[in-house]
Amino acid sequence: MIDKIAYNKEIGIHIPTILLPKEGIDMEKWSVVACDQYTSEPEYWQEVEKKVGDSPSTLYLTFPEIYLEDTNAEERIKRINNEMRKYINEGVLVSQKPCVLLVDRSTSHTPSRKGLIIAVDLEKYDYTVGSQTLIRATEGTVIERLPPRVKIRENAILELPHVMILIDDPNKTVIEPLASKIDSFEKVYDFELMMNGGHIKGYRIDDEKTLEGILKAIEALADPEVFKSKYNVGDDKGVLLFAVGDGNHSLASAKVHWENVKKSLSEAEIENHPARFALVEIVNVHDDGIVFEPIHRVLFNIDTESVLNAMQDFYGSSCCSFEKYDSIKSVNERLKALKKENAVHSFGFVTDNGFGVFTVQNPKHNLEVATLQDFLDCYVGKHKESKVDYIHGEDVVTRLGSKPGNIGFYLPSMEKHDFFKTVIIDGVLPRKTFSMGEAEEKRFYLECRKIVKD
């Protein structure tokens with residue numbers, strides 16, 4: 001019986017009861033991209049609303065972050081909660097019974113990216129700096145960003161995952177063996193995602209033998225002796241099994257919500273309450289479809305010369321400089337050349353006056369993103385009228401950064417094969433260090449799970 005293996009406390013894995021739309025629902029309209037995407041592009045979300053219309057959709061079960069600061073946030077949250085109850089009561093969502101889903105996603109950037117939809121134990125997760133828990137944040141969590149997200153979850157009866165959690169499985173022992181026999185599993189969805197999101201297929205895995213094999217393979221990755229040998233670390237480093245790749249603040253909000261919920265529960269209720277777990281997609285960092293893309297920055301409501309002068313003051317005029325160029329191609333060629341130099345951090349920028357490259361000698365951080373973020377945090381702290389946004393894709397940075405009153409910064413990508421060791425040894429990375437793919441490659445909302453007791 002699956003009940004015997006439904007929850008593996010040692011590795012923080014729960015076999016969830018997943019809900020999917022009933023037959024006949026237009027899946028392309030049902031599934032929309034993660035709420036934290038296109039936060040400076042209202043036209044994207046306006047187009048999504050047009051496409052969806054009155055059809056059942058995850059658009060009406062989630063809160064696109066571009067609207068978080070609107071005055072009608074409370075009303076929107078109430079509508080979301082009502083829509084969740086409506087979809088349950090009217091049978092729009094159908095239980096798949098306890099199972100995991102094997103997902104195969106293709107996009108315009110990659111022919112295949114495979115993952116497992118499963119639930120993780122929030123008791124095994126800690127997003128605070130210095131955490132040594134089994135499930136760990138990989139970037140700094142901005143505590144101020146959590147309350148509105150917790151508010152959304154507070155009275156929700158469903159969760160919809162856009163969290164992607166990484167495993168470091170170079171021998172491909174967990175997901176890839178399942179993919180090799182994918183045709184032996186029941187296909188539960190197969191459709192084209194909207195807005196250039198690519199194509200997605202999902203396969204239900206619910207037989208006990210296969211599920212046991214998945215859990216044993218994950219257990220092997222969590223073996224303390226294997227962990228110490230793999231990363232050449234001592235007993236002072238706790239095993240890192242699951243590293244949050246995307247959706248850090250979403251998972252952190254689920255954690256805060258759970259901490260609030262369990263205050264009123266008995267010991268027995270805490271053991272199996274649905275809110276204790278969070279639905280995620282687990283992906284192997286070594287999957288060919290996983291590409292680490294940089295997350296760029298755009299600073300809004302600024303004076304260009306003032307910002308460049310402030311950067312020179314911040315880093316010290318004797319150890320920084322900037323050069324002007326006429327195209328992004330020239331910028332990238334210059335950045336490539338500078339990458340070979342030691343003790344230098346450089347990043348491109350674009351304004352309404354053209355392109356440039358800013359260089360910092362002898363930076364105090366290991367990553368360019370940390371060097372730039374230090375300045376941005378300082379600048380925005382002093383100039384309350386200014387705002388920084390985090391952007392996927394050079395083309396969007398160029399379009400937004402070249403508008404009067406803005407400046408866009410281009411950052412380099414991070415090497416994914418060093419990712420786990422960097423997090424284990426150095427701790428959390430600077431906020432918004434990397435992205436797994438471009439914006440349209442992010443997780444689309446699709447599967448649901450109840451987070452309240454029936």
Side-chain angles (χ1 to χ4, degrees), residues 2 4-16 18 98-106 110-121 124-125 133-136 138 161 163-186 188 200-231 238-247 251 277-292 416-421 423-424 436-437 443 447:
I2 289 177
K4 295 179 182 178
I5 58 170
Y7 175 37
N8 186 313
K9 198 168 186 177
E10 293 303 310
I11 56 173
I13 287 291
H14 174 66
I15 307 300
I18 294 170
C99 68
V100 301
L101 298 183
L102 176 62
V103 175
D104 189 359
R105 170 90 176 271
S106 62
T110 181
S112 178
R113 182 185 76 208
K114 295 178 177 66
L116 275 182
I117 305 296
I118 203 164
V120 295
D121 185 358
K124 298 288 187 179
Y125 163 66
T133 47
L134 207 65
I135 309 169
R136 231 171 284 174
T138 57
V163 178
M164 294 180 70
I165 284 183
L166 295 167
I167 54 174
D168 188 6
D169 185 18
N171 294 325
K172 301 185 175 180
T173 61
V174 177
I175 299 170
E176 288 77 7
L178 303 170
S180 69
K181 53 179 182 178
I182 200 166
D183 292 334
S184 66
F185 305 123
E186 180 187 358
V188 290
I200 191 164
K201 300 176 185 177
Y203 301 81
R204 181 168 54 211
I205 301 174
D206 57 6
D207 68 282
E208 185 177 347
K209 183 177 180 182
T210 305
L211 291 173
E212 281 184 333
I214 293 169
L215 296 179
K216 285 180 180 178
I218 295 175
E219 281 178 350
L221 294 179
D223 182 278
E225 295 305 315
V226 171
F227 175 82
K228 285 188 286 187
S229 174
K230 186 176 183 178
Y231 301 109
V239 172
L240 172 59
L241 175 59
F242 299 119
V244 182
D246 270 345
L251 195 62
F277 306 97
L279 202 60
V280 303
E281 180 177 352
I282 294 176
V283 291
N284 185 5
V285 73
H286 300 279
D287 187 298
D288 291 340
I290 291 292
V291 178
F292 278 17
K416 73 174 187 176
H417 298 294
D418 296 332
F419 174 69
F420 266 73
K421 189 163 187 176
V423 173
I424 291 164
M436 295 196 301
R443 267 220 110 236
E447 307 85 0

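On a predicted model such as this, the values are computed, not experimentally measured, just so you know.
Taking every heavy atom of both residues into account, N284 and I175 meet most closely at N-CD1, 3.9 Å. Residues M164 and M436 share a closest heavy-atom pair of CB-CE, 3.6 Å. The shortest heavy-atom contact between L241 and F420 is O-CE2, 4.0 Å. Contact detail for L101 and C99: the closest heavy-atom pair is CD2-SG, 4.2 Å. The shortest heavy-atom contact between R136 and V239 is NH2-O, 3.2 Å. Scanning both residues, L102 and L116, for their nearest heavy atoms gives CA-CD2, 4.1 Å.
The CG atom of D206 sits 10.5 Å away from atom CD1 of I18, with the distance rounded to the nearest 0.5 Å. Distance check: Y125 OH to I165 CD1 gives 8.5 Å after rounding to the nearest 0.5 Å. To the nearest 0.5 Å, atoms CD (E10) and CG (D121) are separated by 11.0 Å. To the nearest 0.5 Å, atom CD of residue E219 and atom CD1 of residue I214 are 12.5 Å apart. Between the NZ atom of K124 and the OG1 atom of T133 there is a distance of 9.5 Å, given to the nearest 0.5 Å. How far OG of S180 is from NZ of K172: 12.0 Å, rounded to the nearest 0.5 Å.
Taking the six-membered ring where the residue is Trp, F277 and Y7 present perpendicular rings, their angle passing 60° and hence far from 30°. The aromatic rings of F419 and F292 sit perpendicular, their planes meeting at an angle over 60°, well past the 30° parallel limit.
L221 is not listed as a side-chain neighbour of D168, based on a closest heavy-atom distance of 4.5 Å or more. Between L211 and I205, the closest side-chain pair of non-hydrogen atoms falls below 4.5 Å.
Residues satisfying the side-chain contact (heavy atoms from CB on, under 4.5 Å) criterion with D183, sequence neighbours excluded, are absent altogether. Applying the side-chain hydrogen bond (donor to acceptor under 3.5 Å, both in side chains) rule to E447 yields the partners Y189, R443; only residues at least two apart in sequence or on another chain are considered.
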inquiry  = If you apply the rule side chain to side chain contact (heavy atoms under 4.5 Å, CB included), what do you find for I167 with I218, and how did you get there?
reply    = CA-CA 9 Å; I167 54 174; I218 295 175; 5.8 Å; no

task = Using the side chain to side chain contact (heavy atoms under 4.5 Å, CB included) rule, take D169 and E176 through it: C-alpha gap first, then chi angles, then the decisive distance, then the call.
result = CA-CA 10 Å; D169 185 18; E176 288 77 7; 4.2 Å; yes

Working for side chain to side chain contact (heavy atoms under 4.5 Å, CB included), residues L240 and L134 = CA-CA 5 Å; L240 172 59; L134 207 65; over 6 Å; no

query = Between I15 and V100, is a side chain to side chain contact (heavy atoms under 4.5 Å, CB included) present by the stated rule, with each step listed?
reply = CA-CA 6 Å; I15 307 300; V100 301; 4.0 Å; yes

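The number of heavy atoms from other shown groups lying within 6.0 Å of CD (E212) is above 12. Shown here is K216, whose NZ atom has no more than 12 heavy atoms of other residues, nucleotides or ligands within 6.0 Å.
Side-chain atoms of D104 and Y203 form no donor-acceptor pair, as typed in the model, at a separation below 3.5 Å.
Using a distance-only test at 3.5 Å, with no hydrogens or angles considered, no donor-acceptor pair links the side chain of N171 to the main chain of T173. Of the possible polar contacts, one joining the K416 side chain to the V285 backbone as a donor-acceptor pair under 3.5 Å is found. A donor-acceptor contact shorter than 3.5 Å links the side chain of H14 to the backbone of A6.
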